[in-house]
Each structure stands twice: as structure tokens, then as C-alpha cells.
Colleague: 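Please see the structure below; I have some questions.
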Amino acid sequence: IIGEIHMPLFFFISGWFTFKRHSDGTPFRTPDLWQRTLQLLVPMVIVSSIWIFVFRHSGLQCQFDSTWRGLWTATYKNGYWFPLCLFEIMLIYAATSYLFRRIPAMTSIGLVFTVWALLMTVSQKLAGTTICNAAELELVTRFYPVFMAGAIARMYEKRFLAYVHRPRVYTAALAASGFLLYMICYFRKFGISDEWLDIVRIIFHITLATAAIPIACGQTSRTDAGLSRTVRFWTYLG
């Protein structure tokens, strides 16, 4: 549930807030990678280092390789994999932002899938190698499309929000999300290959975001949304 629901929404929202325009209105401003390094990689190293020390003396069991070697060479980085994954996606975003600024808006979707296909090819070629695990290529490939979906949705913010608030769209997104999640969980029952499973995941992540955004908008528009960040944080936790 965390991998298929929480994390896609995390990357969609990250794409939404990463998208910025230049002062002249030109979209896809290149993000400040030094600031992203401080926000993502430094906390990852600090928290993972603390976890390695605590785990060694805790008597706990964990499916991750909770060692220094696991931090740098294992895919899931002691369970704190998502900052590095997001940072790598932002590197790709920064590297391609110039191209996105120079092409028509509709063509940008084709460029997203081109980059995704290249990531998929490289990930499959290097599958199981230390390079693939250390760079989290499988996870970067999985979450890149939904990150870019968030960025493109932000580019068309007014249209997107008007679209997802339509009752028919919201209902269709909920129904599609439920069915696609079932298909992902029981993909062998449907005879889906790994390649098609990746495509189903992309569609699911987008329908999930389409269903989740109206809920988030409803929360932030409530009368208590003006309270402090700490109060809102605990409110969102339920």
C-alpha cells in the first residue's frame, strides 16, 4: 500500500511543487540543484546513519541491509530510498528542462515517455547489477512518469483543478484506481508481463492523483487551514 499509493502521490506532489515558471512566464525553470542537495541528500545520509547505529544495538529485525554497505549499494537505502530517488529524478528534470521549454506543450508528453522508455531500457540492461541497485534505477524509472505528471498538471493548474473536480471525472478516477490497484496486486492472475505491469502502474498513478487531489483541496480549503503548520500536520494525520 505504501509503495503503490503513498509514494506515487509523494512524487506527483513533488513534481507539482518542482514546476516553476521564469519571470517572463516561460515554463520549466531549472530547479536549484544545490538547494535540492541540502534538502534531500543531506537528511538522507544523516537519518540513515542514525538508523544504522540504532539498529545495530536495537535487537530489531529488518528486511533492509541496515549497514553502511547497504546505504550506498542496496536499492532501498535502509528504507530511506525516496530522497535519493527524487533527487535523481530532479537531475533528469533539470537536464531536460531546456528541451521542455523549446517544444510545444502537447509534445512534452511525448518527451516524457521517450525519457521513460530510455530509463526502462537502461534499467533492464543493468538489472541486478551493483550500479542499478546503487542508483535505484528501477525506482527512478517507476516514479519518473508520475513526477512529470505532477509538473505538467501544475503547468495547466487551473484546467487541471477544474477537470478533477468534475463529479464524473472524480468517480471514474476512483473506479479506475480501484480496478488498476487490484490488477497490480494480482497481476499474475491477469497474465500481465513485467513490461505491461509498468504501463499499468503509470496509468494507476495518474488516476490515483486525479482522485486524491480533490480530497487534498477540500482539506486545505477548510476553515482550520489557516492554523499553524504543526496543527495542520497533525490534522492531516487524522
Side-chain angles (χ1 to χ4, degrees), residues 2-21 27-45 47-48 71-103 107-127 129 131-157 160 197-210 212-213:
I2 292 174
E4 298 296 350
I5 296 179
H6 293 58
M7 299 318 300
L9 291 176
F10 167 78
F11 282 99
F12 181 90
I13 294 169
S14 298
W16 179 280
F17 286 109
T18 297
F19 177 84
K20 296 288 188 298
R21 292 182 182 273
F28 293 102
R29 191 177 76 195
T30 304
D32 184 346
L33 294 179
W34 173 244
Q35 182 183 14
R36 296 297 185 271
T37 300
L38 296 177
Q39 290 175 336
L40 296 170
L41 300 188
V42 172
M44 171 196 162
V45 173
V47 174
S48 293
L71 174 59
W72 300 112
T73 62
T75 300
Y76 288 97
K77 315 299 180 197
N78 301 333
Y80 206 54
W81 56 270
F82 50 93
L84 177 60
C85 184
L86 179 56
F87 181 77
E88 291 184 37
I89 290 175
M90 284 187 173
L91 287 179
I92 299 171
Y93 180 89
T96 56
S97 59
Y98 178 82
L99 292 176
F100 279 106
R101 288 196 294 270
R102 296 296 183 273
I103 61 177
T107 311
S108 61
I109 298 176
L111 180 56
V112 170
F113 278 97
T114 300
V115 174
W116 175 75
L118 290 173
L119 287 171
M120 177 70 71
T121 302
V122 174
S123 177
Q124 290 178 346
K125 290 289 185 183
L126 298 177
T129 64
I131 294 176
C132 183
N133 295 338
E136 303 180 335
L137 288 180
E138 179 184 350
L139 295 169
V140 171
T141 302
R142 179 184 300 183
F143 294 112
Y144 171 77
V146 70
F147 175 91
M148 290 305 302
I152 293 173
R154 181 64 181 275
M155 183 166 62
Y156 299 106
E157 180 176 358
F160 175 75
L197 180 63
D198 291 325
I199 295 174
V200 170
R201 270 200 173 103
I202 291 175
I203 300 172
F204 167 66
H205 292 169
I206 294 173
T207 61
L208 176 67
T210 302
I213 291 300

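When reading the values below, keep in mind they use all heavy atoms of this one structure, side chains included, and skip hydrogens, waters and symmetry mates.
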Colleague: Over all heavy atoms of both residues, which pair between A149 and I206 is shortest? Give the atoms and the distance, please.
Modeller: CB-CG1, 4.2 Å
Colleague: So, using side chain to side chain donor-acceptor pair (under 3.5 Å) as the criterion, who are the partners of T210 when residues are at least two apart?
Modeller: none
Colleague: Out of curiosity, L208 CG to I213 CD1, how far, rounded to the nearest 0.5 Å?
Modeller: 9.5 Å
Colleague: Report the C-alpha separation of M120 and D198 in whole Å, then their side-chain angles, then the decisive distance to 0.1 Å, and conclude whether the side-chain contact (heavy atoms from CB on, under 4.5 Å) test is met.
Modeller: CA-CA 9 Å; M120 177 70 71; D198 291 325; 3.1 Å; yes
Colleague: Do the non-hydrogen side-chain atoms of S97 and R29 ever get within less than 4.5 Å of each other?
Modeller: no
Colleague: Within a 6.0 Å radius of atom OH on Y156, are there more than 12 heavy atoms belonging to other residues, nucleotides or ligands?
Modeller: yes
Colleague: For the residue pair Y98 and F100, is the inter-centroid distance of their aromatic rings smaller than 6.0 Å?
Modeller: no
Colleague: Do F147 and M90 make a side-chain contact, defined as non-hydrogen atoms from C-beta onward lying under 4.5 Å apart?
Modeller: yes
Colleague: What's the spacing between I5 CD1 and H205 NE2 if we round to 0.5 Å?
Modeller: 9.5 Å
Colleague: What's the shortest heavy-atom distance between A127 and C132, and which atoms?
Modeller: CA-SG, 4.1 Å
Colleague: Run the side-chain donor-acceptor check on residues 7-19: report pairs under 3.5 Å with partners two or more places apart or on a different chain.
Modeller:
unit_1: S14; atom_1: OG; unit_2: F10; atom_2: O; d: 2.7
unit_1: T18; atom_1: OG1; unit_2: S14; atom_2: O; d: 2.6

Colleague: Can a donor-acceptor pair be found, under 3.5 Å and without considering hydrogens, that links the side chain of T96 to the backbone of L99?
Modeller: no
Colleague: Apply the test side-chain contact (heavy atoms from CB on, under 4.5 Å) to residues I92 and L119: give CA-CA distance (whole Å), side-chain angles for both, the deciding distance (0.1 Å), then the verdict.
Modeller: CA-CA 10 Å; I92 299 171; L119 287 171; 3.9 Å; yes
Colleague: Anything under 30° is parallel, anything over 60° is perpendicular, the rest tilted; go ahead and classify F143 against W81.
Modeller: parallel
Colleague: Any idea which heavy atoms bring R101 and F28 closest together, and the distance?
Modeller: NH1-O, 2.6 Å
Colleague: Quick one: closest heavy-atom pair of Y80 and S48, and the distance?
Modeller: CB-OG, 3.7 Å
Colleague: Check the pair R142 / R201 against side-chain contact (heavy atoms from CB on, under 4.5 Å), numbers first and verdict last.
Modeller: CA-CA 8 Å; R142 179 184 300 183; R201 270 200 173 103; 3.8 Å; yes
Colleague: Looking at CD of E136 and CZ of F82, how far apart are the two atoms once the value is rounded to the nearest 0.5 Å?
Modeller: 10.5 Å
Colleague: Any non-hydrogen side-chain atom of L118 less than 4.5 Å from a side-chain atom of V122?
Modeller: no
Colleague: Does a side-chain heavy-atom distance below 4.5 Å link S108 with I152?
Modeller: yes
Colleague: Does L111, at its CG atom, have more than 12 non-hydrogen atoms belonging to other residues, nucleotides or ligands within less than 6.0 Å?
Modeller: yes
Colleague: Could you state the interatomic distance from CG (L84) to NZ (K77), rounded to the nearest 0.5 Å?
Modeller: 6.0 Å
Colleague: Hey, what do you get for OG1 (T114) to CD1 (I109), rounding to the nearest 0.5 Å?
Modeller: 11.5 Å
Colleague: Once rounded to the nearest 0.5 Å, what's the spacing between atom CD of Q39 and atom CE of M44?
Modeller: 15.5 Å
Colleague: Any sub-3.5 Å donor-acceptor pair from T107's side-chain atoms to I103's backbone N or O?
Modeller: no
Colleague: Is any side-chain heavy atom of T30 less than 4.5 Å from a side-chain heavy atom of Y93?
Modeller: no
Colleague: Take L139 and Y76 through the side-chain contact (heavy atoms from CB on, under 4.5 Å) test and state the conclusion after the steps.
Modeller: CA-CA 9 Å; L139 295 169; Y76 288 97; 4.1 Å; yes
Colleague: Would you say R21's side chain and M155's backbone share a donor-acceptor pair under 3.5 angstrom?
Modeller: yes
Colleague: Say whether, by atom type as modelled, one donor and one acceptor occur between the side chain of W72 and the main chain of A134 under 3.5 angstrom.
Modeller: no
Colleague: Indicate the atoms forming the closest heavy-atom contact of E88 with V140, along with that distance.
Modeller: OE1-CG2, 3.5 Å
Colleague: If the condition is ring-ring contact (aromatic ring centres under 6.0 Å, His included), which residues does Y144 pass it with, not counting sequence neighbours?
Modeller: none
